[in-house]
Amino acid sequence: MLHLRFMSLLALLLGASLGAALPRNPPASLQTCNLSKYQFLVPHKREAVLQLKKQFEDIMMLSDRTCHTLLFHRSTRKWNTAELSVPDRVMLVEAELDLATAMLGLPTTPKFTKMRQQPLAFFTQAREDLRGCMATEAPSHQPSRKLRQWLQKLQMAMKTETMGCLEASAILHLFQMLNDLQCAALQEECT
């Protein structure tokens with residue numbers, strides 16, 4: 001009987017020791033990119049973004065903003081996101097979400113700050129997931145000419161436009177960013 005208890009205790013200790021010694025998560029080199037949770041967005045996430053956009057449009061009507069760069073306008077982006085390669089799509093959405101999270105994080109009225117919390121948390125998580133994908137799937141990917149030109153316009157806008165214009169551009173185009181995120185998540189199935 002004592003021998004049986006000793007063997008049970010030994011097995012328990014050995015199992016705990018081995019469990020602590022072995023990694024629970026695979027190393028980054030073995031992890032894969034999984035954006036499937038962004039293929040079909042939950043309605044309450046879209047609703048939160050819609051409410052934020054509506055509230056911002058009301059605020060914007062009271063402001064006097066003159067913006068010179070149209071980052072998301074068809075005249076600036078003469079291509080569709082689906083035309084880009086999958087790594088280009090991920091790079092595009094990562095850059096868009098960098099802008100969106102920076103602008104959603106700006107100080108504002110308490111009511112608007114509260115309204116921004118859920119979309120900001122969602123976009124921040126999506127951006128981190130995209131960064132992880134680029135790091136594991138295409139760490140040395142160079143953007144296509146189309147995307148490179150748009151990224152340069154984004155960088156120029158970040159240097160020359162006012163914060164108000166960048167904020168307006170980002171918030172008014174959050175749904176386009178959601179669609180681009182969905183396209184990146186769908187990978188080759190995005191048409």
Side-chain angles (χ1 to χ4, degrees), residues 28-42 45-46 48-50 52-53 56 60 65-106 116 119-191:
S29 60
L30 296 179
Q31 293 177 355
T32 60
C33 172
N34 187 357
L35 299 175
S36 62
K37 64 183 171 185
Y38 302 113
Q39 289 179 353
F40 305 101
L41 299 173
V42 235
K45 300 236 187 255
R46 282 193 176 273
V49 171
L50 177 64
L52 172 74
K53 185 175 179 261
F56 185 75
M60 244 188 77
R65 297 177 197 215
T66 305
C67 305
H68 305 287
T69 305
L70 301 171
L71 288 171
F72 297 95
H73 194 268
R74 288 197 186 274
S75 65
T76 304
R77 278 177 48 173
K78 297 177 181 171
W79 38 266
N80 186 330
T81 305
E83 295 172 20
L84 300 174
S85 69
V86 173
D88 267 7
R89 292 177 202 165
V90 173
M91 278 184 130
L92 167 69
V93 181
E94 185 182 345
E96 290 175 339
L97 295 183
D98 277 343
L99 175 64
T101 55
M103 296 303 109
L104 289 173
L106 291 175
R116 287 178 172 196
L120 178 58
F122 172 76
F123 286 127
T124 300
Q125 180 61 55
R127 181 190 63 197
E128 294 309 312
D129 291 343
L130 290 164
R131 283 188 178 151
C133 285
M134 285 307 292
T136 58
E137 299 291 315
S140 59
H141 176 72
Q142 294 299 311
S144 66
R145 194 180 103 252
K146 290 178 191 178
L147 180 59
R148 189 173 37 257
Q149 288 174 343
W150 186 83
L151 291 171
Q152 288 169 346
K153 287 179 183 178
L154 174 62
Q155 286 178 340
M156 183 57 74
M158 298 287 278
K159 293 175 186 173
T160 59
E161 288 290 355
T162 65
M163 278 297 154
C165 286
L166 291 171
E167 179 184 43
S169 186
I171 293 175
L172 293 175
H173 292 92
L174 289 174
F175 279 102
Q176 183 173 345
M177 292 179 201
L178 284 176
N179 291 336
D180 291 346
L181 174 61
Q182 187 175 23
C183 185
L186 288 167
Q187 297 185 356
E188 299 300 334
E189 296 173 20
C190 179
T191 55

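What you see is a predicted model; the values in this text were computed from it and never measured. Residues take their numbers from the sequence shown, with the count starting at 1.
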- Message: I'd like to know whether L50 forms a side-chain contact (heavy atoms from CB on, under 4.5 Å) with F175, so could you lay out the CA-CA distance, the side-chain angles of the two residues, the decisive distance to 0.1 Å, and finally the verdict.
- Response: CA-CA 8 Å; L50 177 64; F175 279 102; 3.7 Å; yes

- Message: Assess the residue pair D88 and K146 against the criterion (salt bridge (Lys or Arg N to Asp or Glu O under 4.0 Å)); give the C-alpha distance rounded to whole Å, side-chain angles, the decisive distance to 0.1 Å, and a yes or no.
- Response: CA-CA 9 Å; D88 267 7; K146 290 178 191 178; over 6 Å; no

- Begin with the C-alpha distance, continue with both residues' side-chain angles, and end with the deciding distance and a verdict on side-chain contact (heavy atoms from CB on, under 4.5 Å) for L130 and Y38. CA-CA 11 Å; L130 290 164; Y38 302 113; over 6 Å; no

- F56/L52 under side-chain contact (heavy atoms from CB on, under 4.5 Å): CA gap, chis, key distance, verdict: CA-CA 6 Å; F56 185 75; L52 172 74; 5.5 Å; no

- Item | side-chain contact (heavy atoms from CB on, under 4.5 Å) evaluation trace for T124 with L120 | CA-CA 6 Å; T124 300; L120 178 58; 3.7 Å; yes

Atom pairs and distances, side-chain donor-acceptor, residues 89-106, under 3.5 Å, sequence neighbours left out:
unit_1 : atom_1 : unit_2 : atom_2 : d
R89    : NE     : L84    : O      : 3.0
R89    : NH1    : Q187   : O      : 2.3
R89    : NH2    : A82    : O      : 3.0
R89    : NH2    : L84    : O      : 3.2
E94    : OE2    : R131   : NE     : 3.3
E96    : OE2    : R77    : NH1    : 2.7
D98    : OD1    : R131   : NH2    : 2.6
T101   : OG1    : L97    : O      : 2.8
T101   : OG1    : D98    : O      : 3.2
T101   : OG1    : R127   : NH1    : 2.6

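Listed by chain and residue number, N34 satisfy the side chain to side chain donor-acceptor pair (under 3.5 Å) test with S36 (two or more places apart in sequence, or in another chain). A search for side chain to side chain contact (heavy atoms under 4.5 Å, CB included) contacts involving Q149 returns R145, not counting sequence neighbours. Residues passing the salt bridge (charged side-chain N to carboxylate O under 4.0 Å, His left out) test with K45: none are found, sequence neighbours excluded.
A pairwise comparison of heavy atoms in A185 and L35 identifies CB-O, 3.2 Å as the closest pair. Residues M177 and A170 share a closest heavy-atom pair of CE-O, 3.6 Å. Nearest heavy-atom pair across P87 and M134 is O-SD, 3.9 Å. The nearest pair of heavy atoms linking P143 to R148 is O-NH1, 2.8 Å.
Applying the ring-ring contact (aromatic ring centres under 6.0 Å, His included) test to residues at least two apart or on different chains, none of the pairs has a partner in residues 86-106. Residue pairs meeting the side chain to side chain donor-acceptor pair (under 3.5 Å) criterion with at least one partner in residues 154-165, sequence neighbours excluded, are T69-E161.
Between L181 and F122 there is a side-chain heavy-atom pair separated by less than 4.5 Å. Inter-residue side-chain proximity for Q176 and T81 is flagged as unmet; no heavy-atom pair is nearer than 4.5 Å.
In this structure, CZ in F40 is found 6.5 Å from CD in Q182, a value given to the nearest 0.5 Å.
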